[in-house]
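Please read the structure below before turning to the comments.
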Amino acid sequence: MTTTAGPTFTAAARATDLTKVYGQGETMVVALDSVSVAFRRAEFTAIMGPSGSGKSTLMHCMAGLDSISQGSAAIGDTELNGLDDKRLTRLRRDKVGFVFQAFNLLPTLTAAENITLPMDIAGRKTDRAWVEKIVDTVGLSGRLAHRPAQLSGGQQQRVAVARALASRPEIIFADEPTGNLDSRSGAEVLAFLRSSVQELGQTVVMVTHDPVAASYADRVVFLADGRAVDDMTGPTANSVLDRMRRLPGGSPPLMRGANACR
Ligand code: ADP
């Protein structure tokens, strides 16, 4: 995992010896220390680690939302280093989907309008057949004319995931997408993320601190102190929890969804 050898598969995104330093002198923080990781196409990866281990920083640097101090990162074939602001903005718009803890839906628009909004803003033609397929997969077809306030938290977050999928991005980065949801709504969102990978071939990378959420992924990458320290395929909530306990600073997280989910 921390090897510097390139991946032997086509990666939707990768980081090579990625280092991120904040501040300087006495206030310097090495948030990422030479992390190498690649995310395979049509795979669902969870990034886990104790608070402060660098999860959000890794996501932000790989998604082109934050600068890289050393090393490199790429989305598909496009290296992020050296892209000017305009190209970075275009790359994020065309190749990256985002899902945040807060749903960030526009309250005055319907669910359907929220889903196609980024493409409408970009002046891109909506691929109707694709959006219908997403809506079928998300199971919200009866709710498309509703405004966010008329939807549950889980439904709102599913709309946000559908919005991220609508432009067929190379990769979706989800930052604690179930952090604001009860376990049942969280399970709905996670099931949708999973089916977007299995049925629609989407690549998803999700930052989470919840072992139950991570158990929906195909693979878990563990961070500790800014380093990638382990990699697990076919995770279960228990195997993730067990690994987390043995990480430096990895106090056992709550398995809040354990009974409702898997
Ligand atoms: P996690 O997402 O795993 O909780 P972060 O990526 O947020 O961890 O943070 C990793 C480290 O980098 C922490 O020590 C944090 O305090 C530091 N850090 C994150 N963002 C900044 C910033 N903008 N300025 C200074 N330090 C930061």
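Atoms within each ligand, like the ligands themselves, are counted from 1 in listed order. The structure displayed is predicted, hence computed values, not measured ones.
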Residues 37-53, side-chain donor-acceptor partners within the protein, below 3.5 Å, at least two apart:
unit_1: R41; atom_1: NE; unit_2: E170; atom_2: OE2; d: 2.7
unit_1: R41; atom_1: NH2; unit_2: E170; atom_2: OE2; d: 2.5
unit_1: S53; atom_1: OG; unit_2: P50; atom_2: O; d: 2.7

Side-chain polar contacts of residues 132-147 - donor-acceptor pairs under 3.5 angstrom, sequence neighbours left out - could you list them?
unit_1: T137; atom_1: OG1; unit_2: K133; atom_2: O; d: 2.7
unit_1: R147; atom_1: NE; unit_2: T108; atom_2: O; d: 2.9

Name the atoms and distances for all side-chain donor-acceptor pairs under 3.5 Å in residues 63-74, with sequence neighbours left out.
unit_1: D66; atom_1: OD1; unit_2: K20; atom_2: NZ; d: 3.3
unit_1: D66; atom_1: OD2; unit_2: Y22; atom_2: OH; d: 2.8
unit_1: S67; atom_1: OG; unit_2: K20; atom_2: NZ; d: 3.0
unit_1: S69; atom_1: OG; unit_2: V21; atom_2: N; d: 2.8

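Within 4.0 Å of ligand 1, contacts by protein heavy atoms are made from Y22, V29, A31, P50, S51, G52, S53, G54, K55, S56, T57.
With a 6.0 Å radius and a threshold of 12 heavy atoms from other residues, nucleotides or ligands, D84 has its CG atom above the threshold. Residue-environment remark: CZ (R124) exceeds the threshold of 12 foreign heavy atoms within 6.0 Å.
A donor-acceptor pair under 3.5 Å links the side-chain atoms of R194 to the main chain of Y216, judged by distance alone.
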